[in-house]
Amino acid sequence: MRIVDIREKTVSIASPIANAYIDFSKMTCSVVAVVTDVMREGKPVIGYGFNSNGRYGQGALMRERFIPRLLEADPKTLVDAGNDNLDPFAIWRTLMQNEKPGGHGERSVAVGTIDMAVWDAVAKIAGVPLWRLLADRYRGGVADEKVWVYAAGGYYYPGKDDEKLKDEMRSYLDRGYEVVKMKIGAVPLDEDIRRIESVLSVVGSGARLAVDANGRFDLQTAIAYAEALSPYGLFWYEEAGDPLDYALQAELANHYTGSMATGENLFSHQDARNLLRHGGMRPDRDFLQFDCALSYGLVEYLRTLDVMEELGWSSRRVVPHGGHQMSLNIAAGLHLGGNESYPDVFQPFGGFADGIAVEGGLVGLPHIPGVGFEAKSALYRVMREVAE
Ligand SMILES: O=C([O-])CC(=O)C(=O)O
Ligand SMILES: [Mg+2]
């Protein structure tokens, strides 16, 4: 059993939307296909992966370092003999050969994307959905049948007035979501409060609205927003300050008793550990948003979940960033609290399987081998082009 080829392609996910920190006018992502010599139903098993929005495609790193390392390795060293499958942990060690610790930047995205494709292949070789494989290997066989998801959007873009924002949020409720998320921080506080009140007039209660500042604020601004947001009782207040400014996050907890969320821009278990040690995050109400596709993949995510447990955090406090099916599988198989969803933006990479509707804020997963990409036809079309 061996990996015979790894193909990658950078694709555009450009759109006119913006958060408080970046616009997405030039956003790209990498799509990866890991081709194996294992045959299922007369065809070679191919695992697919992609990196989620926010970081760009990582083709150069993959081509220069990570793909050659895997293809040059002795195939026998990448096999999990006990399970008669590929070994994602051995593959991860091979990918990370001669990489120094620390400085988790773009390489964590490159490795996370390949790792997603490896787990897709592993579950396909095993002939089961990835969520089932994860539950069987790590949670005594118990998987969540459905996963709580919230609709992320509410971006800034040219010509978008409060009426359009309200229409967007109404359409998420119509599609079965119960909690929505909008961007804040790109306009003055009083304008954001006006936008928030518009959305509240549609969703009805602060408990159904999360807001995301994308790391824009200094401490003073983060506190000013905290004070202004407090009366609304929001679902969460996300990434107020710089993702690595743990002191800011810790101080903010003295000014905001509601739930806060952060972690989408922390790319390793060591960074996650620093947040939990030094960021003043509260395990009884706050949320963690680590995204496997940006942070060295599921092999590293298992370490991050271990760190959380050591530091007294339930896995149910994790609701990953990225709105992709890989995190949905991890959420169902490893008992996370839920997953982000992008019903409209970042298509075809956002959203879940065709024909499985969100009901009461919950979504089911397809019962097909692998991550389930084949059940999302617009996405699978892009993936197949990479493999062919
Ligand atoms: O706008 C973005 O970069 C995406 C983001 O923060 C989120 O989905 O939480
Ligand atoms: Mg965010």
Side-chain angles (χ1 to χ4, degrees), residues 12-29 50-57 106 108-109 112 147-157 160 165 168-169 172 177 179-187 192 195-196 199 209-217 222 225 229 234-245 248-249 252 259-267 271-272 275 279 281 286-295 317-328 331 336-347 349-352:
S12 172
I13 47 169
S15 71
I17 61 175
N19 63 36
Y21 220 100
I22 61 167
D23 68 52
F24 289 78
S25 59
K26 299 245 180 335
M27 186 54 62
T28 58
C29 83
F50 62 87
N51 67 275
S52 30
N53 74 85
R55 304 286 151 169
Y56 294 81
E106 310 275 355
S108 67
V109 182
V147 175
W148 176 78
V149 287
Y150 70 94
Y155 281 83
Y156 300 95
Y157 64 84
K160 183 167 183 181
L165 181 61
E168 177 191 348
M169 297 304 172
Y172 296 148
Y177 293 92
V179 175
V180 300
K181 184 165 93 181
M182 65 185 279
K183 297 297 174 183
I184 58 168
V187 296
D192 271 336
R195 293 171 64 250
I196 286 170
V199 173
L209 174 62
V211 296
D212 184 0
N214 284 96
R216 179 78 272 179
F217 300 149
Y225 267 77
L229 296 177
L234 297 178
F235 192 84
W236 74 46
Y237 172 19
E238 173 176 336
E239 235 188 1
D242 187 274
L244 293 172
D245 192 341
L248 181 155
Q249 185 64 43
L252 194 55
S259 295
M260 291 194 277
T262 192
E264 69 177 67
N265 288 302
L266 301 183
F267 293 164
D271 283 344
L275 174 70
M281 299 290 282
D286 290 333
F287 293 90
L288 305 170
Q289 301 174 291
F290 315 123
D291 176 354
C292 65
L294 302 179
S295 58
R317 302 311 301 176
V318 192
V319 179
H321 165 270
H324 50 77
Q325 288 163 295
M326 181 71 182
S327 285
L328 194 68
L336 306 187
N339 194 31
E340 183 164 19
S341 175
Y342 301 115
D344 291 340
V345 292
F346 308 123
Q347 295 304 320
F349 297 94
F352 310 126

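We're numbering straight along the sequence, starting at 1. Counting convention: from 1, in listed order, for ligands and their atoms alike. These figures come from a predicted structure and were not determined experimentally.
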Atom name of the N, O or S atom in [X] that lies nearest to the Mg ion (ligand 2):
X	result
D212	OD2
E238	OE2
E264	OE1

At under 4.0 Å between heavy atoms, which part of F346 makes contact with ligand 1: side chain, backbone, both or neither?
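Under 4.0 Å from ligand 1, F346 contributes no heavy atoms.
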Side chains of H321 and N265 only: does a donor on one sit below 3.5 Å from an acceptor on the other?
no
Distance-only polar pair, side chains of K181 and Y150, donor-acceptor under 3.5 Å
yes
Atoms of ligand 1 less than 4.0 Å from [X] heavy atoms?
X	answer
K181	7 (C), 8 (O), 9 (O)
F24	1 (O), 2 (C), 3 (O)
N53	2 (C), 3 (O), 4 (C)
H321	4 (C), 5 (C), 7 (C), 8 (O), 9 (O)
E238	9 (O)
N19	1 (O), 2 (C), 3 (O)

Heavy-atom closest pair, residues P320 and F290:
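The pair with the smallest heavy-atom distance is CB-O, 3.3 Å.
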Closer than 4.0 angstrom: is that true for some heavy atom of Y155 and an atom of ligand 1?
yes
Any non-hydrogen atom of E239 lying under 4.0 Å from ligand 1?
no
Residue Y21 excluded, over 12 heavy atoms near OH under 6.0 Å
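No, not enclosed.
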